[in-house]
Student: 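One structure coming up, written as structure tokens, with questions to follow.
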Amino acid sequence: MKIAFVTAEITPFAKVGGLADVSAALPAELHRRGHEVRVFAPLYRRARTPDRVFTPVDDLDRVEIKVGPHTLIFGVKTATLPKSSLVVHFIDCPGLYDRDGVYTEDPDEHFRYVALCYAALSACQHLGFSPDIVHANDWQTALLPLILKARLSWDKNRFPNTRSVLTIHNLAHQGVFGAETLADTGLQDSAHLFHQDQLNAGVINYMLTGIMYATAVTTVSPTYAREIQTDLGGGMLAPFLRARRSTVVGILNGISADEWNPETDGDIKKQYSAASLEGKEANKRDLLTQMGLPYSADVPVAGIVSRLTWQKGLELVPGALMPFLAAGRLQLVVLGSGADLYEGQFMELQRRFPKQVSFYRGFSNKLAHMIEAGADLFLMPSRFEPCGLNQMYSLRYGTVPIVRKTGGLADTVQPFNSVTGAGTGFVFDLLSESSLAAAVNRALQVWPHRTAWRRLQLNGMAQDYTWARQVSVYEELYRRALTL
Ligand code: ADP
Ligand code: GLC
């Protein structure tokens with residue numbers, strides 16, 4: 001199949017969260033399977049590091065198209081995804097993307113991504129690439145299905161039978177902008193195709209528009225697919241998702257088998273596998289040294305790697321862990337940045353327990369790998385979690401996840417049963433400090449029993465959540481979309 005995959009983030013060029021990992025690993029796996037995949041992403045300032053080469057595409061160094069009142073001028077440059085032969089097409093438009101962050105709060109934020117959609121489709125035309133599937137991701141590219149329908153259906157040559165897929169990675173971000181921006185979408189002549197009540201109320205919701213017009217809608221885990229069809233989980237979009245329930249499917253994300261593999265990981269002190277799990281201890285020592293904490297073989301280290309936002313439920317952590325930290329039964333290593341509230345709470349926790357807690361405020365891919373390899377436990381108390389990747393990385397690294405039973409966390413971590421020895425982690429249901437504390441306590445009860453703990457680690461390491469397994473579900477979905 002021919003697939004145009006359009007995304008706002010792609011690792012390692014520009015990553016904010018899990019979308020970047022999925023946008024690299026899923027297309028790479030489709031490519032490995034012989035599909036013709038073209039990935040389109042913005043050429044942000046941060047992607048242009050001195051070690052990277054972006055090659056201009058012949059005849060596409062200066063493309064000019066009209067989008068509403070704007071003349072969009074862009075070039076297309078390519079780079080190969082590391083450890084893959086997948087070629088990524090970057091939309092080079094400095095006026096829109098040569099800025100400090102990936103996402104901004106600038107007044108043209110909506111247009112930065114409208115432009116990405118038009119540029120990607122226009123590049124397909126110029127490249128002579130006729131996609132069977134245009135795959136959009138999250139609100140940033142959710143207007144693609146409508147743009148295809150309203151603006152490009154005339155191009156029977158290039159888009160003769162093209163179907164669209166929208167993947168919802170996170171329904172909490174919908175791309176809601178004032179109706180005065182309608183002209184900027186280049187869809188003013190198709191105003192009647194937007195949700196009319198919303199338009200009359202003065203707003204355009206990009207995600208909703210995508211849900212209305214995509215041939216198929218996917219989200220990133222089966223449980224999240226169910227959750228967002230309830231009013232509680234899906235809010236005002238729930239009725240629209242329910243209305244399309246036959247084409248809304250939850251496909252669990254995969255993980256990259258190359259990027260997150262303790263046997264080959266170049267970012268960690270000592271590589272290890274299920275057969276040489278003792279090697280993990282060297283990584284624990286290294287992590288603690290790096291984070292300025294003393295090492296003790298008897299005290300487990302819990303790790304957190306996260307965007308520090310409301311979604312992640314991290315306000316539970318200090319209260320839940322306090323008794324264990326005070327009793328010297330646990331250490332905690334945190335990597336993340338985000339809202340002041342959470343940064344402040346982890347700084348405070350570190351101040352109170354300088355020998356047990358260390359917080360690195362910022363973004364570091366290397367440290368993320370070191371934590372996956374060096375920690376004994378991994379905490380994800382998320383309020384909601386469409387899929388979550390770190391719990392799957394943790395399983396692969398023999399790092400036992402403690403997760404709340406929501407979204408993809410519920411689908412990927414099975415509660416450990418110390419009688420049967422089955423299960424891969426510790427799961428709690430209620431979003432409360434005491435439920436999290438109880439789950440941590442269950443883990444600490446098993447921890448001293450080395451054989452049981454080893455069993456628990458090996459159970460996790462035996463799980464296969466790689467894209468090699470999940471990719472066929474997308475292939476099936478694409479095939480089905482072609483018949484709709
Ligand atoms: P989300 O997409 O909601 O942030 P995921 O679990 O799907 O959650 O993916 C998060 C990804 O971002 C993981 O690969 C994680 O390691 C990475 N990540 C998050 N915060 C940081 C950070 N501060 N430094 C390095 N990697 C981070
Ligand atoms: C989102 C979600 C996360 C998911 C990721 C990749 O950012 O918050 O749960 O794993 O997208 O799909």
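Counting convention: from 1, in listed order, for ligands and their atoms alike. If you're wondering where the values come from, they're calculated on a predicted model, not measured in any experiment.
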Student: At a non-hydrogen distance cut-off of under 4.0 Å, which region of Asn253 contacts ligand 2 (side chain, backbone, both, or neither)?
Tutor: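 Only the side chain of Asn253 comes within reach of ligand 2.
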Student: Could you check which of Phe363, Trp260, Phe384, Tyr393 puts a non-hydrogen atom nearest to atom 21 (C) of ligand 1?
Tutor: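 Result: the heavy atom closest to atom 21 (C) of ligand 1 is in Phe363.
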Student: Does His169 come within less than 4.0 angstrom of ligand 1, counting non-hydrogen atoms of the residue?
Tutor: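 No heavy atom of His169 comes that close to ligand 1.
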Student: Give the atom numbers and elements of ligand 2 that come within less than 4.0 Å of a heavy atom of Val220.
Tutor: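 Answer, ordered by atom number: 12 (O).
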Student: Against heavy atoms of Pro386, which atoms of ligand 2 measure under 4.0 Å?
Tutor: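 Selected atoms, number and element: 2 (C), 8 (O), 9 (O).
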Student: Look at Asp265 together with Arg396 and state whether they make a salt bridge at an N to O cut-off of under 4.0 Å.
Tutor: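 No.
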Student: With a 4.0 Å cut-off, would you call Asp132 and Lys2 a salt bridge?
Tutor: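 Looking at Lys2 together with Asp132, the answer is no, because their closest N to O distance does not fall below 4.0 Å.
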Student: Quick check on Gly17 - does any of its heavy atoms sit under 4.0 Å from an atom of ligand 2?
Tutor: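 False for this residue.
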Student: If the threshold is 4.0 Å, N to carboxylate O, is there a salt bridge linking Arg112 and Glu109?
Tutor: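 Yes.
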Student: Going by the atom numbers of ligand 2, which of them fall below 4.0 Å from some non-hydrogen atom of Asn170?
Tutor: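 Result: 8 (O).
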Student: Measuring from non-hydrogen atoms of Ala20 to any atom of ligand 1, is the shortest distance under 4.0 Å?
Tutor: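 Contact absent.
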Student: Tell me, please: is Lys312 in heavy-atom contact with ligand 1, that is, under 4.0 Å?
Tutor: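 Yes; Lys312 lies near enough to ligand 1 that a heavy-atom distance drops under 4.0 Å.
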Student: Give yes if a backbone or side-chain nitrogen or oxygen of Gly388 is under 3.5 Å from a nitrogen or oxygen of ligand 2, and no if not.
Tutor: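 Between Gly388 and ligand 2, an N or O pair is found under 3.5 Å apart.
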Student: Pairs of nitrogen or oxygen atoms closer than 3.5 Å, one from Glu385 and one from ligand 2: do any exist?
Tutor: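 Min N/O separation from ligand 2 is below 3.5 Å for Glu385.
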Student: Give the single entry among Ser364, Gly18, Ala368 that approaches atom 24 (N) of ligand 1 most closely by any heavy atom.
Tutor: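 Among Ser364, Gly18, Ala368, the closest heavy atom to atom 24 (N) of ligand 1 belongs to Ser364.
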Student: Suppose I only count heavy atoms of Gln311 and a 4.0 Å limit; which atoms of ligand 2 are within that range?
Tutor: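 This gives 8 (O) as the contact atoms.
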Student: Pick one of side chain, backbone, both or neither for how Gln391 approaches ligand 1, counting any non-hydrogen atom pair under 4.0 Å.
Tutor: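 For Gln391, no heavy atom sits under 4.0 Å from ligand 1.
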